[in-house]
Amino acid sequence: MRSTMPNRFLRAAVTRALPATLVAGALLIGAVPGPVAVVSPAAAAGSAPVALTGKQLAASWTGPLSTQGRYVVDAKGNRFKLKAGNWDGAQSHYLGSGDAGDPANNQAGEVSNNIPMGLDRVPIAKILADFHALGLNTIRLPYADEMIDNEDTVPDSAVAANPQLRDKTPLEVYDAVVKALTADGFAVVLNNHTTTYHWCCGLDGNERWNKGQSAQKWEDDWLFMVERYKDNKRVVGADLRNEIRRDGTDDPNWDWGDDHDAYAAYQETGNRILDKDPDMLIIMEGINWVGIPSGMFAHWRPNLEPVRNMSNTLMYSNKLVYSVHFYGFTGPNHTGASGGWQNGETNDPRYRDLSPEDLEKAVNDEALFVTESGQHFTAPVWVSEFGTAGIGQTDAKEKDWFRRFTDILVKNDTDFAIWPLVGWANSSGKPNDNWAALSYAANGKRTGLEDGGDWRAADWNKLVTAGGKTGKVAKAERWNMINLDHGNQNASSYVRANFPIKTPGNLQGSCPDGERLIGLSRYKHRGLCTNVNEPAITNDDWEVVTDAKYMTDDWAPGWEKAQCPEGTMVAGYSMWDTAFTSVMCQPVAASLGTSNRVVWFDRGDNPAPTDKQARSDWAPWDAKGQCDTDEYLAGVAFNWSSSQKYHDTPDALLCRPLH
């Protein structure tokens with residue numbers, strides 16, 4: 001969610017009377033972009049998009065969606081670029097103090113009544129027609145967890161232009177909106193924006209998935225939502241949480257194994273959702289802010305940077321999408337606040353202050369690197385929020401940033417979603433919130449991006465009509481990490497169904513269906529999976545092997561070994577602390593080679609990453625061994641020594657030809 005503007009930050013700081021460091025730590029706002037090639041000069045402004053009818057949009061794609069490499073694809077394998085907008089309101093506009101029905105206590109003076117904006121002013125069919133005119137195919141639909149349990153009916157005034165929605169709860173209105181959107185051809189992404197009905201971004205109890213509620217409640221709410229819409233294949237994605245950030249005293253983290261671990265929370269909840277509905281995209285947003293924004297303390301906006309060395313592996317590896325937010329008034333180390341240190345402002349550059357070269361570098365380093373092919377982290381990146389003020393905008397830097405940033409999106413063919421779609425306007429057509437792409441007066445009169453007078457129109461049209469990848473997307477090579485640092489990580493449906501699989505008490509890791517294990521690290525419990533040259537598998541039971549009973553010649557004299565029987569390949573493993581304990585052997589339908597090549601990695605990486613291996617570091621600061629992509633892993637050698645601090649670490653891989 002776009003942060004409240006500086007005067008509201010100051011107001012929050014004063015009314016809460018928080019210590020300055022806590023106020024500063026609370027002002028965490030969204031920002032971040034996508035994949036990055038060097039951006040060419042600004043693309044020429046395009047003409048307005050062609051408005052499709054609902055029937056035309058519906059005919060243009062088939063749900064559900066999945067991924068191939070860096071692209072989202074539809075059920076027919078065609079590229080589906082998320083050209084989206086955020087229809088907010090169901091997460092509330094309430095600023096947190098005073099009467100929630102008083103416009104003065106709501107973002108931009110707009111009382112959302114905890115339902116998507118505009119339903120009080122315009123029939124829903126008209127709103128959807130206006131979405132079509134903007135060239136959208138996807139709607140990100142924020143909600144608060146509080147909506148799920150809210151049994152109050154919305155006031156009649158909140159749905160004055162849509163009387164069919166009277167006497168409904170906010171959730172029932174949300175249902176109706178989802179139904180209308182999908183019936184009109186739009187893809188819908190469910191977005192868990194906040195826990196409570198409280199507008200964004202400070203110390204508001206919404207900083208993490210488990211702030212103001214338990215992690216279990218958050219997960220259960222997600223399962224409730226997924227179950228509610230799982231029969232509608234145009235409800236395509238679960239956007240797990242919006243803008244996770246520091247609360248008053250603690251930061252979120254990536255793979256620390258504690259209750260602030262976003263990596264683990266996303267991993268567990270994503271797989272639980274896929275257990276319920278295998279068709280959903282699982283959308284994971286990077287970390288929005290860590291640290292106290294003061295020169296005395298480290299502070300920054302990590303976004304997707306942690307993914308470079310620690311990416312997620314879901315049970316269906318073609319269902320992961322990463323997302324980021326990017327706003328010009330924030331920065332790599334800037335909260336976005338104004339008004340001095342008391343209000344959480346830092347003296348770091350904002351994104352709009354960066355040179356064209358530095359902005360491109362920031363966008364790439366923080367997000368769009370994820371779209372590089374052949375990496376363990378390769379996935380689509382969706383810039384699920386970006387925007388700036390339109391009519392009335394006086395900040396030349398904001399205008400320049402918006403042009404440059406949309407150029408980056410065009411150049412990199414990046415999926416996007418503007419914030420926000422719908423707002424109010426007064427009787428003369430002046431928007432309450434001039435960030436909105438569409439603003440409606442009480443009489444229904446529209447002031448929109450394409451209605452004249454909005455300087456953003458040229459850049460928006462350039463973006464939404466830009467060329468890019470279309471049609472069939474070739475099957476992508478997949479590389480996926482297994483990470484046993486803090487617990488089991490089983491992506492195989494077989495192992496998940498039979499867990500624990502004959503190694504109780506051990507940590508277990510297994511590759512997603514359609515992938516095999518091709519690499520291991522020595523100390524860090526890490527594994528690497530791939531589908532490159534993957535042979536056909538059978539439905540026969542796996543075998544867990546802890547010893548060398550299937551070995552016919554000693555390929556690692558003096559070392560203990562675990563080797564799979566012929567006709568199987570390693571697709572999982574188990575460990576006890578740093579000790580390697582077993583290989584999980586998956587039966588293969590094809591005939592496999594039996595000649596041996598031994599890859600030792602007891603003293604360093606072997607081989608150094610090349611085009612035949614994943615080219616990025618999936619186990620930083622650790623020795624790694626990898627078979628080649630025309631090989632399969634048949635066994636692992638390990639050695640116990642009482643003089644070693646770490647014993648039974650994997651030291652060598654037995655690699656054999658696939659054919």
>> For N210 and R208: C-alpha separation, side-chain torsions, deciding distance, then whether side-chain hydrogen bond (donor to acceptor under 3.5 Å, both in side chains) applies.
In response: CA-CA 5 Å; N210 58 352; R208 292 189 315 276; 2.9 Å; yes
>> Evaluate R496 against D513 for salt bridge (Lys or Arg N to Asp or Glu O under 4.0 Å), listing each step before the verdict.
In response: CA-CA 11 Å; R496 288 173 65 83; D513 294 346; over 6 Å; no
>> Go through it in stages, so that I can follow the logic: the residues are D277 and K233, the test is salt bridge (Lys or Arg N to Asp or Glu O under 4.0 Å), and I'd like the CA-CA distance, side-chain angles, deciding distance and then a yes or no.
In response: CA-CA 10 Å; D277 183 0; K233 296 311 172 188; 3.6 Å; yes
>> Could you go through M310 and Y263, starting from their C-alpha distance and side-chain angles, then the distance that decides it, and tell me whether this counts as side-chain contact (heavy atoms from CB on, under 4.5 Å)?
In response: CA-CA 8 Å; M310 182 58 63; Y263 169 89; 3.6 Å; yes
> Which is it for N242 and R140 under the side-chain hydrogen bond (donor to acceptor under 3.5 Å, both in side chains) test, yes or no, and what are the steps along the way?
Replying inline: CA-CA 11 Å; N242 188 73; R140 183 176 184 247; 3.0 Å; yes
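The backbone N or O of A476 sits less than 3.5 Å from a side-chain atom of N531, completing a donor-acceptor pair. For the pair D617 (side chain) and A619 (backbone), a donor-acceptor distance under 3.5 Å is present. With hydrogens and angles disregarded, no donor-acceptor distance shorter than 3.5 Å links the side chain of N490 to the backbone of V495. Panel note: side chain Q267, backbone T313; a donor-acceptor pair is recorded below 3.5 Å. Using a distance-only test at 3.5 Å, with no hydrogens or angles considered, a donor-acceptor pair links the side chain of R245 to the main chain of E243. Within the 3.5 Å criterion, the main-chain N or O of P620 finds no donor-acceptor partner in the side chain of N309. In this structure, T67 contributes its side chain and N318 its backbone to a donor-acceptor pair below 3.5 Å. Remark: side-chain polar atoms of N137 are paired, donor with acceptor, to backbone N or O of K83 under 3.5 angstrom. No donor-acceptor distance shorter than 3.5 angstrom exists from the side chain of H376 to the backbone of L528, with no hydrogens or angles considered. Remark: side-chain polar atoms of R522 are not paired, donor with acceptor, to backbone N or O of A623 under 3.5 angstrom.
Here the closest heavy-atom approach between residue R656 and residue S595 is recorded as CG-O, 3.0 Å. Closest non-hydrogen pair, R70 versus T371, comes out as CB-O, 3.6 Å. Nearest heavy-atom pair across D413 and G467 is OD1-O, 4.2 Å.
D251 and R246 are joined by a salt bridge, as a carboxylate oxygen and a charged side-chain nitrogen come within less than 4.0 angstrom of each other. At a threshold of 4.0 Å, the pair K411-E360 does not count as salt-bridged, since none of the basic side-chain nitrogens sits closer than that to a carboxylate oxygen. Using a 4.0 Å cut-off between charged nitrogen and carboxylate oxygen, D221 and K217 count as a salt-bridge pair. For the pair D279 and K230, the salt-bridge criterion is not met [side-chain N within less than 4.0 Å of a carboxylate O].
Taking F416 as the reference, W460 meet the ring pair (Phe, Tyr, Trp, His ring centres under 6.0 Å) condition, with sequence neighbours excluded. Residues forming a ring pair (Phe, Tyr, Trp, His ring centres under 6.0 Å) with W555 (at least two apart in sequence, or on another chain): none.
Side-chain contact annotation: R301 with N333, donor-acceptor N/O pair under 3.5 Å absent. Remark: the W218 side chain and the N192 side chain contain an N/O donor-acceptor pair separated by less than 3.5 Å. Using modelled atom types and a 3.5 Å distance limit, the side chains of E515 and S317 yield a donor-acceptor pair. Between the side chains of W559 and D651, at least one donor-acceptor pair of N or O atoms lies under 3.5 Å. Defined by atom type and a distance below 3.5 Å, a donor-acceptor pair is present between the side-chain atoms of N232 and T182. Side-chain polar atoms of D258 and H260 form no donor-acceptor pair below 3.5 angstrom. For the residue pair S582 / T546, no side-chain donor-acceptor distance below 3.5 Å is found, with atom types taken as modelled. For N483 and Q489, the side-chain atoms include no donor-acceptor pair closer than 3.5 Å. Side-chain contact check for R516 and N533: no donor-acceptor pair (N or O, by modelled atom type) lies under 3.5 Å.
Evaluation of the disulfide bond (SG atoms under 2.5 Å apart) test over residues 536-600, restricted to residues two or more places apart or in two chains, returns C564-C585.
For F377 and F369, the gap between ring centers is short of 6.0 Å. The aromatic ring centroids of W209 and W222 lie 6.0 Å or more from each other.
Aromatic ring pairs are classed by plane angle as parallel below 30°, tilted from 30° to 60° and perpendicular above 60°; the pair Y494 and W542 is parallel.
Considering CH2 of W618 and OG of S311, their distance stands at 11.5 Å, rounded to 0.5 Å.
Contact of the L409 side chain with the F386 side chain is registered, since non-hydrogen atoms from C-beta on lie closer than 4.5 Å.
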